[in-house]
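For reference, the structure discussed in these notes is given below.
Values below: every heavy atom of this structure, side chains too, minus hydrogens, waters and symmetry copies. A, B, ... follow the sequence lines: proteins, then strands. Residue 1 opens every chain. Since the structure is predicted, the reported quantities are computational estimates derived from the model, not experimental observations.
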2 protein chains.
Amino acid sequence: MTTPQLTKNQSLVFDVLEKAEGPLSAYTILDKLRDHGFRAPLQVYRALEKLLEYGVVHRLESINSFVACAHPGDNCHSHGIVAFAICESCGQVMEFHDHEVDHRLMGWVRGQKFKPEKTTIEIRGLCEACAA
Amino acid sequence: MTTPQLTKNQSLVFDVLEKAEGPLSAYTILDKLRDHGFRAPLQVYRALEKLLEYGVVHRLESINSFVACAHPGDNCHSHGIVAFAICESCGQVMEFHDHEVDHRLMGWVRGQKFKPEKTTIEIRGLCEACAA
DNA sequence: GCAATTGATGTAATAACATAACATCTGCAA
DNA sequence: TTGCAGATGTTATGTTATTACATCAATTGC
Ligand SMILES: [Zn+2]
Ligand SMILES: [Zn+2]
Ligand SMILES: [Zn+2]
Ligand SMILES: [Zn+2]
C-alpha cells in the first residue's frame, strides 16, 4: 500500500501518534486534538481508518489502542505478519516480524483450508526497564 | 490451573458458551441468561473472570468475545501459547498451538529482555465452508 | 461556467463493551 | 455467635465504536 498525501485530519492524528511515547486510545487522541478543532470521536476514527489502510499506523487489539508504525518508509509489512511486544507498565511497544512464525501459522491454516485475512500477534508483559 | 467446582453463575455462563456455535460477547451471554435471573453485565463479567482464570474459557481480543476452550480436560494450555483461527463469516473458532511458534516468539522477546505475561495470536479469515 | 460526482469533514445521537462502588448473602471457621 | 471470605445483586458510570445525516471542497465531464 503506497501512502498518498495525508489530509488535514489524517496528518493531525498521525502527528499525535508519532510524537506519543506509546499507544493511544482514540479518545485520548481526540482530547489531544481538541485545540485543533476536533470535537467528535468520528473525526479520529475516520482518520485512523485511513492511516491503518496505508499501513502507517497499527491497531493493538488487546489494548484498544493505536500506535504509529515503528518502521517508517518500510514496506516489510506487506510481506508478513507484524508482532508486537507491549509493556503493560510504561506502554512502550516493540514491533517485529519473523518469517518462521508466519510460515508456521500460515502452514497450519493452509492445512485447515482456512483463508486468513488479518492476523494479530500481541505479547503483553514488561519491558527490560520496567521488569527490573 | 486446576478447576474447582463452579458456582451457580459460573456454571450458567459456561454452559451458554459450551452450547454456542461460536464466540459470544458478554452482553449476548447476558441476554441468554435473563430467563435465569441475570440482570446486569457484572454477573457475566465476574463469572467470565473466573472461567478465564481456570482456563476453561478464552477471550478473543480481536472480537471482544469469549469462547469455551476446545480442549476440555486438557492441560496443554499451560505449556504454550494458544492460537485461534476465527471465521469472520460463520464465527467458527479453531484453537491450536505450535511449539515452534512459541519458541520463535519467546526467543525474540528473550533477546529484548522483555518479560512476557500473556500472548495473543488470532487469525481472522474465512473457514473452509465459508470461503467456498 | 456549471451540474455531477467523489472524498473528506462536522455534528448529534446511539450502540457496544467494561468497570466502580456499595449493599447483601452464604458458608465456614475461630 | 461472631467474624471473615467469597459470591452475588444492583445502580450508576466510564470507555470504546458506529449510525445517520448534513455540509464542504476538489475534480470531472459537459
Ligand atoms: Zn509497522
Ligand atoms: Zn516498560
Ligand atoms: Zn483452550
Ligand atoms: Zn465460516
Side-chain angles (χ1 to χ4, degrees), chain A residues 1-17 20 22-54 56-67 86 88 91 118 120 122 124, chain B residues 1-17 20 22-54 56-67 86 88 91 118 120 122 124:
Chain A
M1 170 71 62
T2 171
T3 306
Q5 185 64 37
L6 299 184
T7 67
K8 178 164 150 288
N9 284 3
Q10 289 161 17
S11 293
L12 287 166
V13 169
F14 184 65
D15 287 350
V16 166
L17 283 174
L24 300 178
S25 76
Y27 279 76
T28 301
I29 296 169
L30 173 58
D31 286 340
K32 287 179 181 291
L33 288 175
R34 289 200 189 276
D35 292 345
H36 291 78
F38 274 44
R39 310 292 309 275
L42 212 53
Q43 294 175 286
V44 176
Y45 281 108
R46 285 201 280 229
L48 286 172
E49 185 178 28
K50 289 299 183 181
L51 295 171
L52 290 167
E53 186 183 323
Y54 303 152
V56 296
V57 161
H58 299 292
R59 176 192 179 93
L60 302 176
E61 307 279 1
S62 64
I63 56 172
N64 295 318
S65 294
F66 303 85
V67 69
I86 306 165
E88 294 186 293
K118 178 81 179 78
T120 295
E122 296 176 16
R124 275 99 69 217
Chain B
M1 171 71 61
T2 172
T3 306
Q5 184 64 36
L6 298 185
T7 68
K8 179 164 149 288
N9 284 4
Q10 289 161 20
S11 293
L12 288 167
V13 169
F14 183 65
D15 287 351
V16 165
L17 282 174
L24 300 178
S25 76
Y27 278 75
T28 302
I29 296 170
L30 174 58
D31 286 339
K32 288 180 181 291
L33 288 175
R34 291 201 188 274
D35 292 345
H36 291 78
F38 273 46
R39 310 292 309 277
L42 214 52
Q43 294 174 285
V44 177
Y45 282 109
R46 284 201 280 229
L48 286 172
E49 185 178 28
K50 289 298 183 183
L51 296 171
L52 290 168
E53 185 183 323
Y54 303 152
V56 296
V57 162
H58 299 292
R59 177 191 176 91
L60 301 176
E61 308 279 0
S62 65
I63 58 173
N64 296 320
S65 293
F66 303 85
V67 68
I86 306 164
E88 294 186 292
K118 178 85 179 75
T120 295
E122 298 177 15
R124 277 100 69 217

For A:S11, all residues meeting side-chain hydrogen bond (donor to acceptor under 3.5 Å, both in side chains), sequence neighbours excluded: none
Carboxylate-amine/guanidinium proximity below 4.0 Å for B:K50 and B:E53: yes
Between C1' of C:dA8 and CG of A:L12, the distance in whole Å: 13 Å
Nearest heavy-atom neighbours spanning A:L17 and A:F66: CD2-O, 3.3 Å
Protein-to-nucleotide contact annotation, 5' to 3' order, nucleotides 7-13 of chain D [B base; S sugar-phosphate only; - none; under 4.0 Å, heavy atom]: SBBBB--
Euclidean distance, atom CZ of residue A:R59 to atom P of D:dT16 [Å, nearest integer]: 10 Å
Side-chain heavy-atom pair B:T28, B:D31 within 4.5 angstrom cut-off: no
Gap between atoms NE2 and C1', on A:H36 and C:dT9 respectively (whole Å): 17 Å
Nucleotide C:dA18, atom C1' - distance to CD of B:E49 in whole Å: 12 Å
Value in whole Å for how far the C1' atom of D:dA17 lies from CD1 of B:I63: 16 Å
Length of the line joining B:N64:CG and D:dA17:C1', which is rounded to integer Å: 10 Å
Rounded distance (Å) that lies between atom P of C:dC28 and atom CD of B:Q5: 13 Å
Atom-pair distance (CG on B:L6; P on D:dG6), nearest Å: 17 Å
Heavy-atom donor-acceptor pair, A:E122 side chain to A:I86 backbone, under 3.5 Å: no
Side-chain donor-acceptor pair present, B:T120, B:R59, cut-off under 3.5 Å: no
